[in-house]
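Quick notes on the structure that follows.
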There are 2 protein chains.
Amino acid sequence: MATRTEPVPEPRIPLSRERVLRAAVKIADEGGIEALTMRHLAEELGVEAMSLYYHVANKEAILDGVVDAIVEEIEETAGGFDVPTEVDNWKSAVRERILLARQVMLSHPWAPGVIETRTNQSLAAVRHFEGLVGLLREGGFTYDLAHHALHALGSRALGFSQELFEPDDPDQADAEAAAMFEQMADQFPYIVAMLGEIAHDDPDSTLGWCDDQVEFEFGLDLILNGLEEHLETT
Amino acid sequence: MATRTEPVPEPRIPLSRERVLRAAVKIADEGGIEALTMRHLAEELGVEAMSLYYHVANKEAILDGVVDAIVEEIEETAGGFDVPTEVDNWKSAVRERILLARQVMLSHPWAPGVIETRTNQSLAAVRHFEGLVGLLREGGFTYDLAHHALHALGSRALGFSQELFEPDDPDQADAEAAAMFEQMADQFPYIVAMLGEIAHDDPDSTLGWCDDQVEFEFGLDLILNGLEEHLETT
DNA sequence: ACCTGAACACCGTTCAAGT
DNA sequence: ACCTGAACACCGTTCAAGT
């Protein structure tokens, strides 16, 4: 029979909103967003699913909190979202901040999908946008142009962009897509020719799928340069 | 007792993939994407849920098919995705095609969210991209630049863009957001000032939320103009 | 104050069975 | 060939109850 002197095996840290959210991020990182269920999350925390509801309103609230946590990670990585009072180069400042956000997003590949479903704004995200608007404003933007800029950037402001053409499992689906396009060269001459050239330029990857980082920066710079022109012509 | 001569009340059109997909679009249009469940869909078709599996592999296949149907609707509205052999103005041609896609998307507000989750390419979408690449190519683009263009456009190529800041229920959430920002004017001076100016410029809507169409076109033109410059400097 | 057991309403999906 | 009933494994969530 166990006596009183048995060493407490686990100090039994009490649950908290923080711990729940941290565990949620961990689960999504390890098993993807579909692994993030109330029951699974509870198991990870060594608790019953229903206990979660004491610390969090419902699953929506968890997803809200998880997005907030990710943007806070960006904020920490950036050393805060503060706006310098003198902005000598808004373009590189904005560019750097966004590419840094992208680095964090890349370490949580499920996060963009969750962010897109959120209707409640994360407070950390508002701080992030506040910082961006500040950089633009101090860089000479009117508020009107800064507003257009946010819309033009869209999800790029948070470091990701919608990839419409690429499958999530490159190795497997690439071959499929390649075979399909080969077969349909007469139906899709332009696309097949385009992909052919890309494969040529980049013989490394099996059939030369795209360099997402390069493409992200291309699109970002296109927008930033366009904004710069608006700034100068006004 | 019913006799054999009773008029058949409904001819009982047999199910088919087409009918299933059409019904799926209808349900999503009327009740949002969360209303699109196998059981609900079956009910709409006057059938048991399990019958659907005879015509369609699973729910994923339905979502794939539904995306295809929406892009086909774009195709029909556009009178096909054909590429004219002579393109005198690629910019306005691409612009028109994209804005037309947007019109269709606006009538299926749930569609962007579904498209974003798809990993399998819709064949109709491939035809659409084929058309876009064709327009660019005949307009003087290298395949390399056309490829960059697709990435830069991202979801805009299909007529929608990620709205990170706006709630789906404008009437209700606007007031909330407004109150929140008022309260936090000292924490978010730039954003509050920005929103203040926008409200000023557009006194119609309660607190002047954004004109999505204007913003979409602003971002689209920014990208198209940027591409044009790349085209000229090469 | 914090956690749980049992239960509910709802998913997508299977499988053997009906016509 | 086409459809169904019963069942399964899994959701998020409630509520009264335990400590």
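Throughout, protein chains are lettered first and strands after them, A, B, ... in sequence-line order, and every chain is numbered starting at 1.
For D/dG12, the paired nucleotide is C/dC8, the pair qualifying as Watson-Crick or G-U wobble because both relevant distances are below 3.5 Å. Within the shown strands, C/dT19 is the pairing partner of D/dA1 under the Watson-Crick or G-U definition, both distances less than 3.5 Å.
Between the CD atom of A/Glu60 and the C1' atom of D/dT13 there is a distance of 13 Å, rounded to whole Å. Across the protein-nucleic acid pair, A/Leu45 atom CG and C/dC2 atom C1' stand 14 Å apart, rounded to whole Å. The separation between B/Leu41 atom CG and C/dC11 atom C1' is 14 Å, rounded to whole Å. The distance from atom CG of A/Leu15 to atom P of C/dC3 is 5 Å, rounded to the nearest whole Å. The CE atom of B/Met38 sits 23 Å away from the P atom of C/dA9 (whole-angstrom rounding). The separation between B/Glu48 atom CD and D/dC3 atom P is 12 Å, rounded to whole Å. Nucleotide D/dC10 holds its P atom 14 Å from the CD atom of A/Glu34, rounded to whole Å. For B/Leu52 and D/dG5, the CG to P distance is 14 Å, given to the nearest whole Å.
Closest to the side chain of B/Tyr54, from the set C/dT13, D/dT13, D/dA1, is D/dA1. Of the candidates D/dG12, C/dT13, C/dT4, the closest approach to any side-chain atom of A/Ser51 belongs to C/dT4. Among the nucleotides D/dC3, C/dC2, D/dG12, the one closest to any side-chain atom of B/His55 is D/dC3. With C/dT13, C/dT4, D/dG12 as the choices, the nucleotide that has an atom nearest any side-chain atom of A/Met50 turns out to be C/dT4.
Nearest-nucleotide positions on DNA chain C for A/Arg39 and A/Ala49 put A/Ala49 closer to the 5' end. The 5' end of DNA chain D is approached more closely, in terms of each residue's nearest nucleotide, by A/His40 than by the other of A/His40 and A/Ala57.
By the 6.0 Å contact criterion, CD on A/Gln103 is enclosed, its count of non-hydrogen atoms from other residues, nucleotides or ligands being greater than 12. The number of heavy-atom neighbours closer than 6.0 Å to CD of B/Glu18, taken from other residues, nucleotides and ligands shown, is 12 or below. Enclosure of atom CD in A/Glu43 is not indicated, since only 12 or fewer non-hydrogen atoms of other residues, nucleotides or ligands lie within 6.0 angstrom.
A donor-acceptor pair under 3.5 Å is formed between the side chain of A/Glu130 and the backbone N or O of B/Ile191.
When each of A/Ile74, A/Leu135, A/Leu132 is checked for a side-chain contact (heavy atoms from CB on, under 4.5 Å) with A/Phe81, only A/Ile74 meets the rule.
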